[in-house]
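Below: the structure, in structure tokens.
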There are 2 protein chains.
Amino acid sequence: MKTPLSERLGIKYPIIQAGMVWTSGWKLAVASARAGALGLIGAGSMKPELLREHIRNAKATEVAKTIGVNIPLIRGDVDELVKVTLEEGIRIIFTSAGSPKVHAQKFKDAGCFLAHVVASVTHAKKAEEAGCDAVIAEGFEAGGHNGIDEITTLCLVPQVVDAVKIPVIAAGGIADGRQMLAALALGAQAVQIGTRFAATIESSSHQNYKQAVVDAEDNATILTLKKIAPVRLKKNVFALEALSAQMRGASKEEEIQLLAKKREMLGIFEGDTAQGELEMGQSSGLIKDILSAQEVVKRLIAEYESAKERINGL
Amino acid sequence: MKTPLSERLGIKYPIIQAGMVWTSGWKLAVASARAGALGLIGAGSMKPELLREHIRNAKATEVAKTIGVNIPLIRGDVDELVKVTLEEGIRIIFTSAGSPKVHAQKFKDAGCFLAHVVASVTHAKKAEEAGCDAVIAEGFEAGGHNGIDEITTLCLVPQVVDAVKIPVIAAGGIADGRQMLAALALGAQAVQIGTRFAATIESSSHQNYKQAVVDAEDNATILTLKKIAPVRLKKNVFALEALSAQMRGASKEEEIQLLAKKREMLGIFEGDTAQGELEMGQSSGLIKDILSAQEVVKRLIAEYESAKERINGL
């Protein structure tokens with residue numbers, strides 16, 4: 001199961017473990033890479049020096065070549081994160097939350113593979129123009145921060161595939177091998193998977209968070225805080241409060257006050273399942289157990305092959 | 001390309017032309033059936049006697065057996081619609097917008113095939129318990145009236161497939177053959193396609209509406225009027241007014257007043273692209289031309305086959 005993109009990235013399977021906040025440290029990235037996927041370290045919840053430590057630990061393993069870093073471009077200290085990432089020899093960069101234009105040249109000069117997360121055709125074209133080597137087309141069902149146009153993965157991926165010449169990675173809502181086959185049917189050359197990896201043994205998220213993913217049903221999440229920046233969360237005390245504010249038309253200022261500080265850390269890393277932000281995708285409804293990254297990849301491939309066989313038998 | 005469901009329905013392809021308001025009269029249903037799909041007459045915008053006329057016209061053709069009727073169960077005169085449908089010999093029934101429980105027995109007694117539209121796992125299980133022969137799992141990206149849980153087709157379909165024993169039909173956001181393959185990869189036994197057929201030559205919608213579909217880009221639609229009943233519309237003067245009301249926290253009463261009467265007819269049938277409700281799915285971004293139903297089906301199959309070949313070559 002190879003695509004031009006998986007070959008270029010040197011990965012056995014066209015699977016990318018998303019670089020998420022408070023979950024994707026070097027341990028998860030290395031476990032994913034060992035399983036045949038691309039492992040991404042999530043810089044979003046790391047200070048530059050902590051990121052350096054995570055990169056060094058990952059780089060010291062036999063899978064150093066299939067480790068990348070996700071950098072959210074809205075970070076105040078983004079220049080430092082970029083500097084550390086390049087200094088430590090990372091050459092696979094995934095950027096999100098912002099325009100890739102400002103930093104693209106630095107990455108290209110260093111010989112990096114650069115991919116950027118987009119949620120609309122317009123942003124996909126801009127990423128291509130900025131020199132990105134691939135785009136991640138991420139749909140409305142994705143966990144965490146999300147686009148404003150609310151375009152779903154099923155509708156977004158084929159439109160982005162038709163609009164750009166660079167490879168497209170499908171993201172948002174993907175947790176099993178049937179969905180992986182669906183994403184590749186839409187024209188994606190790989191899938192980026194978040195929540196399924198966030199709930200693995202090697203994820204640095206709190207056990208309570210992992211259990212909250214496993215307990216989630218199909219309708220467990222909502223997209224809220226739309227006046228600040230839309231984010232998909234599991235419904236808990238905090239998320240329902242945010243939803244209620246949204247329904248009564250609360251202002252951006254009220255949303256900012258309600259959100260306060262460090263709620264992602266509180267929910268995902270510290271395990272406060274009532275007041276923390278439990279970022280997860282709609283795919284959480286499909287996740288029934290906490291597995292190793294190795295087992296996740298193994299099941300994805302088995303489910304993919306079985307779905308393909310089913311399709312070929314129709 | 002056969003599935004147990006397509007064989008049971010006696011259709012050449014596992015494609016169902018959705019029974020929509022102001023678009024799906026007997027002409028569209030017959031054209032779709034002639035192309036090898038199941039053709040549904042949409043009772044939602046018809047008085048009982050007009051529905052009778054449409055059924056009779058369709059029944060007089062050589063494709064009478066692959067014609068069904070969609071009945072929205074919230075209609076005040078639903079008993080009349082059901083009576084006319086059964087009297088005129090229709091034995092394929094698709095119900096939506098309401099609980100199938102009340103009317104299921106009548107349909108079963110008449111020997112009908114009964115399918116019900118659901119937007120969550122819970123409602124799918126209820127439909128199965130009520131005796132339905134299939135469920136249509138319709139995602140957030142679908143045009144027109146929509147579920148409250150905002151679950152996307154990519155996430156909803158596999159969860160419903162896992163939760164019920166009856167066949168699942170995928171709906172919401174599907175306009176091309178890549179997406180049809182994706183839906184079948186998820187475990188669906190057929191696809192129900194709305195907007196793509198609403199913009200065909202044989203659709204009774206206004207030319208302005210069809211052109212509005214063709215002109216739509218990826219981010220052209222929004223889900224709004226959430227306090228009455230969520231509906232996906234193309235952004236126009238009216239839809240943006242409804243969105244603005246939603247953002248400022250307008251009450252249900254205000255939404256009802258804003259919606260007023262007959263906006264679906266105004267937009268879809270009379271072609272008022274500013275003040276009417278232009279119900280369409282996110283798939284509108286993929287629709288670039290007004291085709292015959294025959295050509296729509298032909299392209300779906302060609303695109304499906306080409307995507308399957310691509311997948312098998314990976």
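We name chains A, B, ... by the order of the sequence lines, and we start the count at 1 in each one.
Per-residue heavy-atom pair counts under 4.5 Å with chain A were compared for B:K226, B:K308, B:M1, and the maximum is reached by B:K308. Annotation: maximal heavy-atom pairing with chain B below 4.5 Å, among A:N312, A:I222, A:T3, A:L156, occurs at A:N312. Of the listed residues (B:G173, B:G249, B:A185, B:C155), the one with the most heavy-atom contacts under 4.5 Å to chain A is B:A185. For the set A:P158, A:G139, A:P4, A:A245, the count of heavy-atom pairs under 4.5 angstrom toward chain B peaks at A:P158. Interface summary for chain A: among B:L223, B:I148, B:L181, B:D176, the most heavy-atom pairs under 4.5 angstrom belong to B:L181. For chain B, the option among A:A163, A:G285, A:S120 with the highest count of heavy-atom pairs below 4.5 Å is A:G285. Comparing B:G281, B:A183, B:G187, B:A307 by heavy-atom pairs within less than 4.5 Å of chain A, the highest count is held by B:G187.
The heavy-atom pair separating A:V161 from B:R178 by the smallest distance is CG1-NH1, 4.1 Å. Between A:Q282 and B:D149, the closest heavy-atom pair is NE2-O, 4.4 Å.
B:Q159 has its side chain within reach of A:L286: a pair of non-hydrogen atoms, C-beta onward, lies under 4.5 Å apart. Taking 4.5 Å as the limit, every side-chain heavy atom of A:E217 sits out of range of all side-chain heavy atoms of B:T122. The side-chain heavy atoms of A:E141 and B:F140, taken from C-beta on, include no pair separated by under 4.5 Å. At a threshold of 4.5 Å between non-hydrogen side-chain atoms, the residues B:T152 and A:L154 do not count as touching.
One N or O on the side chain of A:D218 and one on the backbone of B:V121 form a donor-acceptor pair closer than 3.5 Å.
Between the CG atom in A:L184 and the CZ atom in B:R310 there is a gap of 7.5 Å [rounded to 0.5 Å].
Ion pair B:D162/A:K288 not flagged as a salt bridge, since none of the NZ, NE, NH1 or NH2 atoms sits closer than 4.0 Å to an Asp/Glu carboxylate oxygen.
Heavy atoms closer than 4.5 Å to chain A are found nowhere in B:V157, neither backbone nor side chain. Residue contact with chain A, scored on non-hydrogen atoms closer than 4.5 Å, involves the backbone of B:R248 exclusively.
Environment of CD in B:E254: crowded, with over 12 heavy atoms of neighbouring residues, nucleotides or ligands closer than 6.0 Å.
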